[in-house]
Trainee: 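I am attaching a structure below and will ask some questions about it afterwards.
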There are 2 protein chains.
Amino acid sequence: MPANTDQQAALRIASGRKPFVEPLRLGERLKEIRLSNQWTLEDVSQRTGLARSTLSKIENNQISPTFTAVQKLINGLGIDLPQLLTPPKVQTRTMGRRDLTRQGEGERHPTPTYEHELLSCELAQKRMIPFKTIVRARSFEEFSEWVRHDGEEFLMVLEGEIRLYTEFYEPLQLSRGDSIYFDSDMGHALVSVSEDDAVVLSVCTRGDAV
Amino acid sequence: MPANTDQQAALRIASGRKPFVEPLRLGERLKEIRLSNQWTLEDVSQRTGLARSTLSKIENNQISPTFTAVQKLINGLGIDLPQLLTPPKVQTRTMGRRDLTRQGEGERHPTPTYEHELLSCELAQKRMIPFKTIVRARSFEEFSEWVRHDGEEFLMVLEGEIRLYTEFYEPLQLSRGDSIYFDSDMGHALVSVSEDDAVVLSVCTRGDAV
DNA sequence: AAACTCTGTTTCCAATAGTGAACCGACCCA
DNA sequence: TGGGTCGGTTCACTATTGGAAACAGAGTTT
């Protein structure tokens with residue numbers, strides 16, 4: 001063995017890097033994912049556009065897929081790299097929580113303009129905040145300023161008709177069944193325009209990351 | 001193919017991923033990293049064991065590196081995949097996006113058990129995935145296996161009545177206006193128990209960090 | 001300027017990835 | 001038993017990658 005090699009090995013070790021290109025357990029991983037979804041090679045071929053034979057060889061570590069191939073894989077299978085790489089992936093199981101809220105049984109928070117009913121408020125530590133709102137406001141002037149909060153908001157009209165004012169757009173008229181998704185740090189405000197007060201369902205993300 | 005698969009496919013599409021292989025901006029990214037460290041191609045060659053020429057071609061998108069090559073890159077440069085993939089720095093300080101979906105105008109994804117209508121699917125990169133579902137299933141047996149996916153789910157019954165089966169609890173009967181929040185990696189399945197097919201609104205979190 | 005050096009690109013070729021077709025069980029089903 | 005299908009592997013061939021060396025451009029030095 002040429003001295004050169006030892007040199008490099010020494011350097012490599014000294015630099016605290018992984019020995020070398022690791023065994024590439026990508027094949028096993030792929031197979032695992034495939035089987036756990038009960039996909040056949042043909043299924044995966046359809047989804048990814050890669051040949052059945054190619055997939056077989058990848059799974060058996062007979063070839064090292066091209067990066068475009070990897071891309072086709074992650075696109076086609078709807079997974080992301082981490083998922084492909086992390087070996088067995090023991091999920092952090094925050095499993096099995098649930099929180100039921102019967103119609104009208106939420107926690108009420110009245111304000112002059114809105115009457116909120118918080119849903120699923122037994123559950124702490126959740127990543128979304130759902131609430132039903134009766135929109136009392138009838139004109140934009142009733143708001144002293146824009147409503148805004150970090151994150152994103154999804155909203156669907158359950159009853160009546162509303163007008164949605166937003167900071168950067170023209171007002172929008174929404175009827176029952178219409179829905180909208182928007183960045184909630186953009187100023188927004190709702191008013192009822194129907195005979196009766198409108199009712200909307202909103203779901204906000206919790207601003208705090210991850 | 002199990003119903004679960006269609007579920008996931010629908011979710012995948014909803015999550016705003018690009019349909020197929022994107023332009024592969026990996027070259028630009030590599031160059032960016034290299035320059036920001038003031039490395040020459042030769043330096044990188046030393047570190048990674050890849051030929052200078054190869055590196056040049058990768059940076060100019062003239063070839064799609066083999067996965068082993070990519071591994072050598074991430075090992076040699078001491079970076080991780082995400083770093084290599086995150087598009088050239090576009091930190092989404094997104095503000096003021098919005099996406100309106102009128103009643104019935106969502107993207108339909110029928111499955112044997114559910115008929116999904118994805119809402120706000122114009123908007124990519126969002127943290128929640130809202131969709132309306134007509135629950136066709138009438139009995140638990142129609143599901144070949146539990147539906148499950150990373151993250152959390154909020155659900156409200158819009159019309160009809162459903163029974164919610166979950167892996168760890170007794171089935172729950174939900175009527176119009178009732179809502180529930182649960183960890184969606186707990187197996188779950190919905191069936192209609194009303195005269196007509198029930199309709200529910202669901203909002204899922206996107207599990208994957210980016 | 002010529003000679004040298006340091007950079008990144010291009011060329012050419014050997015090595016290897018990707019493909020369709022053939023092949024091989026295993027499992028129906030009559 | 002003799003077809004049929006279905007899932008996966010292997011084969012033969014083509015397309016593409018990866019490496020050594022040659023090339024090209026921009027400074028430096030003399």
Side-chain angles (χ1 to χ4, degrees), chain A residues 2 4-5 7-9 11-12 20-77 79 81 84-85, chain B residues 1-2 4-6 20-77 79 81 84-85 88 144-145:
Chain A
N4 193 1
T5 302
Q7 280 286 99
Q8 294 179 347
L11 268 178
R12 206 170 339 110
F20 223 24
V21 184
E22 32 201 313
L24 186 49
R25 305 195 50 78
L26 190 142
E28 290 81 331
R29 187 68 192 112
L30 173 57
K31 185 161 197 169
E32 214 174 272
I33 294 177
R34 181 170 67 81
L35 293 181
S36 81
N37 284 79
Q38 298 182 251
W39 287 329
T40 88
L41 286 183
E42 184 56 31
D43 291 336
V44 176
S45 172
Q46 300 276 351
R47 285 166 179 268
T48 60
L50 291 167
R52 213 158 81 243
S53 53
T54 306
L55 293 167
S56 168
K57 290 183 210 167
I58 294 178
E59 286 194 353
N60 297 24
N61 295 327
Q62 286 169 20
I63 62 175
S64 161
T66 265
F67 192 73
T68 52
V70 175
Q71 288 220 117
K72 289 185 186 172
L73 275 178
I74 60 182
N75 278 314
L77 302 187
I79 56 182
L81 262 292
L84 238 191
L85 299 182
Chain B
M1 204 178 282
N4 194 0
T5 300
D6 291 330
F20 240 31
V21 183
E22 33 204 311
L24 184 51
R25 310 199 35 89
L26 191 143
E28 290 80 330
R29 187 72 192 109
L30 173 57
K31 186 161 198 170
E32 212 175 273
I33 294 176
R34 181 171 65 81
L35 294 182
S36 80
N37 285 79
Q38 296 187 256
W39 287 330
T40 97
L41 284 183
E42 184 55 31
D43 292 335
V44 176
S45 173
Q46 299 276 351
R47 285 166 178 268
T48 60
L50 291 167
R52 217 162 74 241
S53 54
T54 307
L55 294 169
S56 165
K57 291 179 211 165
I58 294 178
E59 285 193 352
N60 296 7
N61 294 327
Q62 287 170 20
I63 63 175
S64 161
T66 266
F67 192 74
T68 53
V70 174
Q71 290 218 118
K72 289 184 188 174
L73 274 178
I74 62 182
N75 278 316
L77 302 186
I79 58 180
L81 262 293
L84 239 191
L85 298 184
S144 50
E145 59 182 324

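The figures here come from the full heavy-atom set of this structure, side chains too, leaving out hydrogens, waters and symmetry mates.
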Trainee: Identify whether any heavy atom of A/Leu55 sits under 4.0 Å from a base atom; if not, whether one sits that close to sugar-phosphate; answer base, sugar-phosphate or nothing.
Mentor: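 No contact.
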Trainee: Checking A/Asp43 against A/Gln38 for the side chain to side chain contact (heavy atoms under 4.5 Å, CB included) test, could you report, in this order, the C-alpha distance in whole Å, the side-chain angles of both residues, the deciding distance, and whether it holds?
Mentor: CA-CA 9 Å; A/Asp43 291 336; A/Gln38 298 182 251; over 6 Å; no
Trainee: CG of B/Leu30 versus P of C/dG8: gap in Å, rounded?
Mentor: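 Going from CG in B/Leu30 over to P in C/dG8 covers 11 Å.
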Trainee: Should the pair A/Glu28-A/Lys31 be classified as a salt bridge under the 4.0 Å nitrogen-to-oxygen rule?
Mentor: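 Salt bridge flag = no for A/Lys31 with A/Glu28.
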Trainee: Nearest whole angstrom, please: distance from the P of C/dA17 to the CD1 of B/Ile63.
Mentor: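 So the two atoms are 13 Å apart, to the nearest Å.
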Trainee: Mapping B/Asp43 and A/Leu50 to their closest nucleotides on DNA chain C, which lands nearer the 5' end?
Mentor: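 It is B/Asp43 whose nearest nucleotide is closer to the 5' end.
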Trainee: Nucleotide range of DNA chain D contacted by chain A, 5' to 3', under 4.0 Å to a heavy atom?
Mentor: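 It runs D/dG7 to D/dA12.
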Trainee: Taking it one step at a time, do B/Leu55 and B/Leu73 satisfy side chain to side chain contact (heavy atoms under 4.5 Å, CB included)?
Mentor: CA-CA 10 Å; B/Leu55 294 169; B/Leu73 274 178; 4.1 Å; yes
Trainee: Which pair of non-hydrogen atoms, one from A/Lys72 and one from A/Leu50, has the smallest distance, and what is that distance?
Mentor: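 So the two residues come closest at CD-CD2, 4.0 Å.
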Trainee: Side chains of B/Thr66 and A/Ile63: closer than 4.5 Å at any heavy-atom pair?
Mentor: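 No, side chains not in contact.
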Trainee: I need the CH2-P distance between B/Trp39 and C/dT7, as an integer number of Å.
Mentor: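 Rounded to whole Å, this separation is 15 Å.
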Trainee: Expressed in angstrom and rounded to an integer, what is the separation of B/Arg34 atom CZ from C/dT7 atom P?
Mentor: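 After rounding, the gap between these two atoms is 10 Å.
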Trainee: Looking at A/Thr66, I'd like to know whether one of its side-chain N or O atoms comes within less than 4.0 Å of OP1 or OP2 on C/dG18.
Mentor: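 Checking C/dG18 against A/Thr66, a side-chain N or O does come within under 4.0 Å of OP1 or OP2.
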Trainee: Could you tell me how far apart B/Glu42 (CD) and C/dT5 (P) are, to the nearest whole angstrom?
Mentor: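 The answer, rounded to whole Å, is 15 Å.
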Trainee: Give the minimum heavy-atom separation between B/Glu59 and B/Leu41, together with the two atoms involved.
Mentor: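 So the minimum-distance heavy-atom pair works out to OE2-CD2, 3.8 Å.
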Trainee: With no angle test and no hydrogens, is the base of C/dG8 tied to the side chain of B/Ser56 by a donor-acceptor pair under 3.5 Å?
Mentor: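 Counting by modelled atom types and ignoring angles, no donor-acceptor contact under 3.5 Å is found here.
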Trainee: Could you state the atom-to-atom distance from NZ of B/Lys57 to C1' of C/dA15 in whole Å?
Mentor: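 In whole Å, C/dA15 C1' and B/Lys57 NZ are 13 Å from each other.
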Trainee: Mind checking B/Thr54 for me? I need base, sugar-phosphate or nothing, with any heavy atom below 4.0 Å counting as a touch.
Mentor: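 If one applies the 4.0 Å heavy-atom cut-off, B/Thr54 turns out to touch a base.
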Trainee: Of all the nucleotides listed (C/dT19, C/dA22, C/dG8), which has the minimum atom distance to the side chain of A/Arg52?
Mentor: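 Out of C/dT19, C/dA22, C/dG8, the nucleotide with an atom closest to A/Arg52's side chain is C/dA22.
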Trainee: Quick check: on DNA chain D, is the nucleotide nearest B/Gln62 upstream (toward 5') of the one nearest A/Gln62, or the reverse? Name the residue that is more 5'.
Mentor: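 By nearest-heavy-atom nucleotide position, the 5'-most residue is A/Gln62.
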Trainee: Whole angstroms only, please: what is the CG-C1' distance between A/Leu41 and C/dC23?
Mentor: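 Going from A/Leu41 (CG) to C/dC23 (C1'), I get 15 Å.
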Trainee: Taking all heavy atoms of B/Val70 and all of B/Pro65, pick out the closest pair and write down the distance.
Mentor: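 That closest heavy-atom pairing would be CG2-CG, 4.0 Å.
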Trainee: Let me know the distance between CG of A/Asn61 and P of C/dT16, rounded to the nearest Å.
Mentor: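 In whole Å, C/dT16 P lies 15 Å from A/Asn61 CG.
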